[in-house]
Amino acid sequence: GLEDPYRISQTLAFFCAGGAVSLSNSASPLLSRKARSGLLPLVVVGWFVLGCVLTARVLTIPLLASVLHRIEIVLGAVASWMSYDDFSESIERYVSPLAGFSFFIFLAHEPFQGFLMKLSVHLLHPSPGGLLLLYFGIPLVVILALVTVGFLARRKTPTLYSVVVGGRI
């Protein structure tokens with residue numbers, strides 16, 4: 001809120017960084033691809049180690065924990081910034097063909113995902129860790145299943161598929 005100027009400035013800084021990436025069409029114009037590939041693992045390892053230390057709450061000095069948390073945020077942003085170009089290229093190559101099924105997934109995911117989650121919990125009686133895996137795993141299974149069904153429906157019954165998705169092919 002307005003009572004915390006640090007959060008406003010932090011939000012503004014990340015918003016501006018995102019705008020710069022969007023306008024430049026490249027997240028890291030200052031570093032070559034080779035330089036990024038050599039530096040990125042170090043940044044990611046540093047970010048991961050700081051995250052583990054902060055998560056374990058082994059630091060008893062609040063100021064130190066606060067400073068390390070801010071460093072962790074910056075390292076995470078730098079890692080994202082450095083990997084954006086490579087990641088966006090691979091996303092475009094693999095995800096763009098799936099974008100045509102997004103409306104079909106939107107229409108069909110809720111009943112299917114709810115049914116699958118309830119069935120899995122009923123049959124497996126998962127532990128809290130297993131429930132967490134189901135929480136993240138079932139949506140992936142649902143998306144893959146619906147893309148497959150959408151692909152088959154679009155290929156075998158294009159008219160029916162077009163009616164179901166309102167002409168969005």
Side-chain angles (χ1 to χ4, degrees), residues 1 4 7 10-11 14-15 17-18 21-22 27-28 36-37 40-60 65-66 68-169:
D4 189 356
R7 291 209 179 171
Q10 182 181 16
T11 302
F14 284 113
F15 177 79
V21 167
S22 177
S28 45
R36 285 195 319 262
S37 66
L40 183 60
L42 296 174
V43 172
V44 170
V45 167
W47 171 74
F48 181 75
V49 168
L50 275 176
C52 289
V53 166
L54 291 169
T55 302
R57 300 189 184 274
V58 295
L59 300 174
T60 57
S66 177
L68 288 177
H69 181 252
R70 284 171 176 72
I71 291 171
E72 179 193 23
I73 289 171
V74 169
L75 285 176
V78 168
S80 298
W81 191 286
M82 291 173 66
S83 60
Y84 173 82
D85 292 332
D86 298 329
F87 185 70
S88 66
E89 290 169 7
S90 64
I91 285 291
E92 192 172 319
R93 186 172 346 132
Y94 296 112
V95 175
S96 290
L98 303 178
F101 300 107
S102 61
F103 192 71
F104 181 69
I105 293 169
F106 170 73
L107 288 175
H109 84 279
E110 182 56 38
F112 185 41
Q113 185 170 320
F115 168 76
L116 201 55
M117 179 61 99
K118 288 176 183 173
L119 181 66
S120 299
V121 169
H122 179 73
L123 293 177
L124 300 174
H125 304 289
S127 67
L131 197 55
L132 185 64
L133 286 174
L134 288 175
Y135 181 79
F136 287 108
I138 286 180
L140 295 174
V141 169
V142 167
I143 289 170
L144 289 173
L146 290 176
V147 165
T148 303
V149 168
F151 177 79
L152 292 172
R154 193 162 70 177
R155 177 171 278 189
K156 301 290 184 186
T157 58
T159 305
L160 177 63
Y161 181 81
S162 179
V163 168
V164 168
V165 297
R168 295 170 181 92
I169 292 183

- Hey, is the main chain of Leu160 close enough, under 3.5 Å, to the side chain of Thr157 for a donor-acceptor pair? no
Pairs under 3.5 angstrom only: tabulate donor-acceptor contacts from the side chains of residues 106-115 to other protein residues two or more places apart or in another chain.
residue	atom	partner	partner atom	Å
His109	ND1	Ile105	O	3.2
His109	ND1	Phe106	O	3.2

- Task: Hey, could you give me the OG1/CD1 distance between Thr148 and Ile143, rounded to the nearest 0.5 Å?
- Result: 11.5 Å
- Just jot down the side-chain contact (heavy atoms from CB on, under 4.5 Å) partners of Phe48, sequence neighbours excluded, or say none. Cys52
- Residues at least two apart in sequence or cross-chain that pass side-chain contact (heavy atoms from CB on, under 4.5 Å) with Leu124, listed by chain then number, are Ser120, Pro126, Leu134
- Message: Does His122, at its NE2 atom, have more than 12 non-hydrogen atoms belonging to other residues, nucleotides or ligands within less than 6.0 Å?
- Response: no
- Give the minimum heavy-atom separation between Arg154 and Phe101, together with the two atoms involved. NH2-CZ, 3.3 Å
- Message: Parallel, tilted or perpendicular, judged at 30° and 60°: which one describes the rings of Tyr161 and Phe104?
- Response: tilted
